[in-house]
Amino acid sequence: MIMNTDLRQSLIHASRQFHQLGWMAGTAGNLSAKMPDNSFWITASSKKKGKLVTEDFVRMSLTGEILENPAPNNKPSAETSIHQAIYSLFPDANACYHVHSVEAKLVSNFIAHERLPLPPIEMLKGLGIWQENPKVYMPVFENYLEVSRIAEDIIQRFKQTTPDVPGLLIRNHGVTVWATSPEAAENHIELVEYIFRYIVAARQAGLNFQH
Ligand SMILES: CSC[C@@H](O)[C@@H](O)C(=O)COP(=O)(O)O
Ligand SMILES: [Zn+2]
């Protein structure tokens, strides 16, 4: 039980940080962390992300059943199906974080197709890319009102092609990353957000790094 609380504490801490950085404004975004029994704690829907408390989470099974709900009015995040998709596709993923930065939305519009070229910068090493002048991409998915449709697209595409980096963009919506621990997922969010800021700045400076 102590471990349950600890996981939620990591999510509360990350959410507060991301809120302060403007990446989880208001109720935007959702965070989850998986337990050793494969259930996962996820933020309940529509909670203020700068002010989460331990009751603001729901524990779910990988197949979408609510296993534990500390407050009767809690509903699981509207985007729980995306977290389920990530955990089912990537068994090593123990945390999945989704935020709504301005830059994530901007860069998702820099390309019309389904993958965003990432600049060959040193920060990519933090996302597992150890190559000289890497030519890697972040997958981009269309945003649908019906979230299960986004989750289904993710499952279909990733079953065919493993993404270069542990992250994906939903166009005009936000970014989702996954990692082996909540701390690593927090690091991944910081890295992808840095990369997005770099892409926006590079475009403003007239720099072109299309692969
Ligand atoms: C500010 S509304 C954003 C939501 O529609 C959604 O995209 C989101 O990230 C948060 O949904 P939630 O159901 O609170 O997890
Ligand atoms: Zn969202």
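Read the numbers this way: they start at 1 and go in the same order the structure lists the ligands and their atoms. In this text the structure is predicted, and so the values were computed from the model without any measurement. We're numbering straight along the sequence, starting at 1.
Distances between N or O atoms of A44 and those of ligand 1 include no value under 3.5 Å. Where the criterion is an N or O separation shorter than 3.5 Å, residue side chain and backbone included, T43 fails it with respect to ligand 1. The N/O atoms of H100, backbone and side chain alike, include one that comes under 3.5 Å of an N/O atom in ligand 1. At least one N or O atom of A78 sits closer than 3.5 Å to an N or O atom of ligand 1.
Between the side chain of T180 and the backbone N or O of D92, no donor-acceptor pair lies under 3.5 Å. Counting only distance, with no hydrogens or angles, the side chain of N38 and the backbone of L62 share no donor-acceptor pair below 3.5 Å. Looking at E114, its side chain never comes within 3.5 Å of a backbone N or O of V140 through a donor-acceptor pair.
Those atoms of ligand 1 with a heavy atom of T27 less than 4.0 angstrom away are 1 (C), 10 (C), 14 (O). Residue K49 has at least one heavy-atom neighbour below 4.0 Å for each of these atoms of ligand 1: 14 (O). Within the listing of ligand 1, atoms 12 (P), 13 (O), 15 (O) sit less than 4.0 angstrom from a heavy atom of S77. Below 4.0 Å from some heavy atom of G29 lie the following atoms of ligand 1, by number and element: 8 (C), 9 (O), 10 (C), 15 (O). Under a 4.0 Å criterion applied to the non-hydrogen atoms of H98, ligand 1 contributes the atoms 9 (O).
The protein atom (non-hydrogen) at minimum distance from atom 5 (O) of ligand 1 is E79 OE2, 4.4 Å. Looking at atom 14 (O) of ligand 1, its nearest protein heavy atom turns out to be S46 N, 2.8 Å. If you check which protein heavy atom lies closest to atom 13 (O) of ligand 1, you get S45 OG, 2.5 Å. Among all non-hydrogen protein atoms, the one lying nearest atom 11 (O) of ligand 1 is N30 ND2, 3.8 Å.
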Quiz item: Going through the checks in order, is the side-chain contact (heavy atoms from CB on, under 4.5 Å) test met by E186 and H13?
Solution: CA-CA 10 Å; E186 186 173 338; H13 168 82; 3.7 Å; yes
Practice problem: Go through L31 and M24 one step at a time and tell me if the side-chain contact (heavy atoms from CB on, under 4.5 Å) criterion holds. | Solution: CA-CA 10 Å; L31 308 180; M24 292 185 103; 3.9 Å; yes
Self-check item: From CA spacing to verdict: ring-ring contact (aromatic ring centres under 6.0 Å, His included), F110, F196
Solution: CA-CA 11 Å; F110 289 177; F196 297 155; 10.0 Å; no
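Clustering ILVMFWY residues whenever any of their side-chain heavy atoms sit less than 4.5 angstrom apart, transitively, puts L124 in a cluster other than the one holding Y137. In the hydrophobic clustering of this structure, V200 does not group with I170; members are Ile, Leu, Val, Met, Phe, Trp, Tyr whose side-chain heavy atoms approach within less than 4.5 Å, directly or through other members. Both L106 and F209 are members of a single hydrophobic cluster when ILVMFWY side chains are connected at heavy-atom separations under 4.5 Å.
Ring planes of F40 and Y87: tilted class, angle from 30 to 60°.
With sequence neighbours left out, H173 forms a ring-ring contact (aromatic ring centres under 6.0 Å, His included) with H98, H100.
In this structure, K75 does not count as a contact residue of ligand 1, since none of its heavy atoms falls inside 4.0 Å of the ligand.
Across I111, V165, D164, a single residue satisfies side chain to side chain contact (heavy atoms under 4.5 Å, CB included) together with M138, and that is V165. Remark: of the listed residues V53, T43, T54, T54 is the sole one forming a side chain to side chain contact (heavy atoms under 4.5 Å, CB included) with R8.
For the Zn ion (ligand 2), the set of protein N/O/S atoms nearer than 2.8 Å consists of E79 OE1, H98 NE2, H100 NE2, H173 NE2, ordered by chain and number.
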